[in-house]
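Right, one structure below, let's go through it.
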Amino acid sequence: MKKLLKPIKSKIPQLLCIMLFLLVQVACDLTLPTYTASIVNIGIQNTDFAYIIDTGIMMLVMVLISACATVGTSFFSSRVSSGYAKDLRKMVYKQVLKYSNHELNEISRSSLITRSTNDINQIQNVLIMLFTTLLFAPLLGVGSIIKVYQLGTNLSWIILVTFVAVALTLIVVMVRVIPLFKKIQEIIDKINQTSREILIGMPVIKAFVRQDYEEAKFQKVNQNFLDVNLYLFRNMLIMLPLMILIMNLMIVLILYFGAYDALAGNILTGDIIAFTQYSTQIVSSFLMIGGFFIILPRILVSARRINEVLEMDLSITDGDEEFIESGSSIEFKNVSYQYPGSEKPTLKDINFSLEPGKTTAIIGGTGSGKSTILNLIPRLQDPSEGEILMGGRNIKEFNLHSLREKISFTPQKALLFQGTIRSNLQMGKADASDEEMQNALSFAQADFIEDLDEEVAQGGNNFSGGQKQRLSIARAIIAGHDFYLFDDCFSALDMNTEAKVKKNLKRLEGSSILIVSQRISTIMDADEILVMDNGEIIDKGTHSSLIDSCSIYREIVNTQIDQMEAFYDYA
């Protein structure tokens, strides 16, 4: 839990201000019953109106000071809690960016969203309660107990009985509601996951006319959330009238037994009033502390869930070496990879190299491990066995930032970020000039872009699949890199546009290019083609040599030959 406390260290001066305001507020609140007793015992009994007015003015001053202290406490509490939540979200976000696919399988994306929003909000709200209530309640309670002792009455047993009644009520409520807090957070995860699936899969749901099924599916988890919350809050809300009842019974007992003492001359009337006020403050303090302990388990659940994110062991960590020599090659040596929980390896004994100035291509059936190879190069995943060398050194030795600066990776799914064309291209090169952006768009045949400030919707949904692929290619090549990885990112392009983009790729002189594709037309002019099947490289060579030597490659060519001949006849 040390990481959860880290953001608090920078806010110690503000915490000291909170403590100062709390002490002032408590001191003023403890003084008021004493003034009330003095007015009754001295001012009213002696009919001394001047004394009543002077004491009343002092009470008014104390109330004003207490009010100002309360405002100060609330102000700094809000600042500290909001600042803490901001810093904690920043820590969570920074940690999640370090996650590989392995960690994202451990904690689902929907759960990460819940943890960085709902769970942190819970902690933020409790921090405000901690500063304004929990720190205030013990000070007020202890101070009131001291004041009651100083009054010297024999009515203290009433407070003890009241405390026992309050404690028993709180224990019964806590036993009933504590197990529900963790369940609620888990249901929120489920709601996020279900909502996310429905929103992402909306076209499929509509195409198969499954709206009613998905609505019922969401209604089920939503109803579960409602039922648990109703049960929880029914148990919690019944506590308030019970506490009010207990407090009123306490006041009745104090007045009843205090009246006999007053008639016997053992206590003054003003002291009974002061005792009643101090007793109320003591019980109120117990209630504040008890209320906090009721919701404490919920906060501990949230804190534990956030701590899991921060303390997650990273499967991919930084190396120490920052310098990588330009013009290096990448070599796969006996590389195997098996996804966590999988029964068999995805890649087995992979050996090949990427040389500067050469284009290597990978082709094979679905699930043969083509994309996994590309993920291993920028260390989105690490090999289970073997090693990947860059310039003769294992890539695990290099700093991740330095390694990935050498690599341009265009994933299979073209993903654009909400913003503008300019902001998306700047992800490839932050300081890119307008001329560089226009050249990159021309390179990728993105001639449909008329303005760099053209809006890009979330996920690039205002562009077609082919347009998104061309924009992602432009983003990938806008900055110079030693290695360019293209993961089947030409699939949505027509063959004419693809041919133009491929021709432009030859301008990336001195860089290594690795292309994964299902289309023969995309890879046929590569310097080396790797043919994969069931996670293994079954053959490698040029297009012409593989037609003679590899039956699987020849079969792929035969299935696509009519389309290729039609294109080249037209061209």
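Residue numbers count from 1 along this sequence.
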* Under 4.5 Å between any side-chain heavy atoms of Arg422 and Met437, yes or no? -> yes
* Asked: Should we count CZ of Arg79 as having more than 12 external heavy atoms under 6.0 Å?
  -> no
* **Rounded distance (nearest 0.5 Å) linking atom CG of Asn534 with atom NZ of Lys348** => 6.0 Å
* Asked: Can you list every ring pair (Phe, Tyr, Trp, His ring centres under 6.0 Å) pair that touches residues 381-426, not counting sequence neighbours?
  -> none
* To do: Before giving the answer on side chain to side chain contact (heavy atoms under 4.5 Å, CB included), spell out for Ile363 and Ile520 the whole-Å C-alpha distance, their side-chain angles and the decisive distance to 0.1 Å.
  => CA-CA 8 Å; Ile363 195 169; Ile520 293 295; 3.6 Å; yes
* Asked: Is Leu310 close to Met91 at the side-chain level, that is, under 4.5 Å between some pair of heavy atoms?
  -> yes
* To do: List the steps, then state whether side chain to side chain contact (heavy atoms under 4.5 Å, CB included) holds for Arg404 with Arg379.
  => CA-CA 8 Å; Arg404 290 168 182 169; Arg379 294 193 67 198; 4.2 Å; yes
* **Asp313, CG: over 12 other non-hydrogen atoms inside 6.0 angstrom** => no
* Asked: Where the side chain of Ser81 meets the backbone of Ser77, is there a donor-acceptor pair that is under 3.5 Å apart?
  -> yes
* Asked: Judged by atom type as modelled, is there a donor-acceptor pair below 3.5 Å linking the side chain of Asn424 to the main-chain atoms of Leu416?
  -> no
* Asked: Which heavy atom in Gln124 sits nearest to a heavy atom in Ala85, and how many Å separate them?
  -> OE1-CB, 3.3 Å
* Any side-chain heavy-atom pair of Val335 and Glu387 under 4.5 Å -> no
* To do: Take atom NZ of Lys190 as the centre, draw a 6.0 Å sphere, and report whether it contains more than 12 heavy atoms from other residues, nucleotides or ligands.
  => no
* **Tyr337 side chain near Glu385 side chain, heavy-atom distance below 4.5 Å** => no
* Answer yes if the side chains of Asp533 and Ser368 hold a donor-acceptor pair under 3.5 Å, and no otherwise. => no
* Would you tell me whether Ser545 and Thr542 have side-chain atoms, one donor and one acceptor, within less than 3.5 Å of each other? => yes
* Asked: Within the side chain of Tyr84, is there an N or O that forms a donor-acceptor pair under 3.5 Å with the backbone of Leu4?
  -> yes
* Asked: With a 4.5 Å limit on heavy-atom distance, are the side chains of Ser512 and Thr360 in contact?
  -> no
* In terms of side-chain geometry, is the basic nitrogen of Arg115 or Glu308 positioned less than 4.0 Å from the acidic oxygen of its partner? -> yes
* To do: Apply the salt bridge (Lys or Arg N to Asp or Glu O under 4.0 Å) test between Asp87 and each candidate in Lys9, Lys6, Lys11; give the one that qualifies.
  => Lys11
* **Neighbour count >12 (heavy atoms, 6.0 Å) for atom NZ, Lys396** => yes
* Would you say Ser442's side chain and Gln438's backbone share a donor-acceptor pair under 3.5 angstrom? -> no
* **Leu452 side chain near Leu425 side chain, heavy-atom distance below 4.5 Å** => yes
* Asked: In terms of side-chain geometry, is the basic nitrogen of Glu321 or Arg393 positioned less than 4.0 Å from the acidic oxygen of its partner?
  -> yes
* Asked: Which pairs pass ring pair (Phe, Tyr, Trp, His ring centres under 6.0 Å) with one or both residues in residues 487-514, sequence neighbours excluded?
  -> Phe486-Phe490
* To do: Check the pair Ser315, Glu103 against side chain to side chain contact (heavy atoms under 4.5 Å, CB included), reporting the backbone distance first and the verdict last.
  => CA-CA 8 Å; Ser315 57; Glu103 286 78 48; 2.9 Å; yes
* Structure fact -> Exactly one candidate in Ile529, Ile523, Asp525 meets side chain to side chain contact (heavy atoms under 4.5 Å, CB included) with His543; the answer is Ile529
Sequence neighbours excluded and cut-off under 3.5 Å, please list the side-chain donor-acceptor pairs for residues 199-225, or say none.
residue	atom	partner	partner atom	Å
Lys217	NZ	Glu197	OE1	3.4
Gln223	NE2	Asp227	OD1	2.9

* Would Ser353 and Glu355 count as having a side-chain donor-acceptor pair, cut-off 3.5 Å? -> yes
* Can you find a side-chain donor-acceptor pair between Asn192 and Thr114 that sits under 3.5 Å? -> yes
* Asked: Within the side chain of Ser116, is there an N or O that forms a donor-acceptor pair under 3.5 Å with the backbone of Arg89?
  -> no
* Asked: Where do Val531 and Tyr553 come nearest, in terms of heavy atoms and distance?
  -> CG2-CD1, 3.9 Å
* Identify, with sequence neighbours excluded, every residue that meets side chain to side chain donor-acceptor pair (under 3.5 Å) alongside Ser326. => Lys406
* Is the shortest heavy-atom distance from the side chain of Lys90 to the side chain of Lys86 under 4.5 Å? -> no
* Step by step, would you call Asn399 with Asp320 a side chain to side chain contact (heavy atoms under 4.5 Å, CB included)? -> CA-CA 6 Å; Asn399 176 275; Asp320 297 326; over 6 Å; no
* Of the non-hydrogen atoms in Ile537 and Asn351, which two are nearest, and what is the gap between them? -> CD1-O, 3.9 Å
* **salt_bridge(Asp487, Lys413) N-O dist < 4.0 Å** => no
* Please check if the side chain of Ser328 supplies one atom and the backbone of Glu325 the other of a donor-acceptor pair under 3.5 Å. => yes
* **Where at least one partner belongs to residues 349-377, residue pairs that pass ring pair (Phe, Tyr, Trp, His ring centres under 6.0 Å), sequence neighbours excluded** => Phe332-Phe352
* To do: Give a yes or no on whether the backbone of Ile113 and the side-chain of Thr117 come within a donor-acceptor separation of less than 3.5 Å.
  => yes
* **Between CG on residue Asn307 and OG on residue Ser302, distance to nearest 0.5 Å** => 12.0 Å
* Check: Ser336/Asp349 side-chain N/O donor and acceptor closer than 3.5 Å -> no
When the side chains of residues 456-485 are checked against the rest of the protein, which donor-acceptor pairs come out under 3.5 Å, sequence neighbours left out?
residue	atom	partner	partner atom	Å
Asn461	ND2	Gln458	O	2.9
Asn462	OD1	Ala457	N	3.1
Asn462	ND2	Glu455	O	2.9
Ser464	OG	Gln467	N	3.3
Ser464	OG	Gln467	OE1	3.4
Gln467	OE1	Ser464	N	2.9
Gln469	OE1	Ser491	N	3.4
Gln469	OE1	Ala492	N	2.9
Gln469	NE2	Ser491	OG	3.1
Arg470	NE	Gly466	O	3.4
Arg470	NH1	Gln445	O	3.0
Ser472	OG	Lys468	O	3.3
Ser472	OG	Gln469	O	2.7
Arg475	NH1	Leu415	O	3.1
Arg475	NH2	Leu415	O	2.9
His481	ND1	Glu405	O	2.9
Asp482	OD2	Gly327	N	3.4
Tyr484	OH	Ala479	O	3.2
Tyr484	OH	His481	N	3.1

* Could you tell me whether the side chain of Ser195 reaches within less than 4.5 Å of the side chain of Ile198, counting heavy atoms only? => no
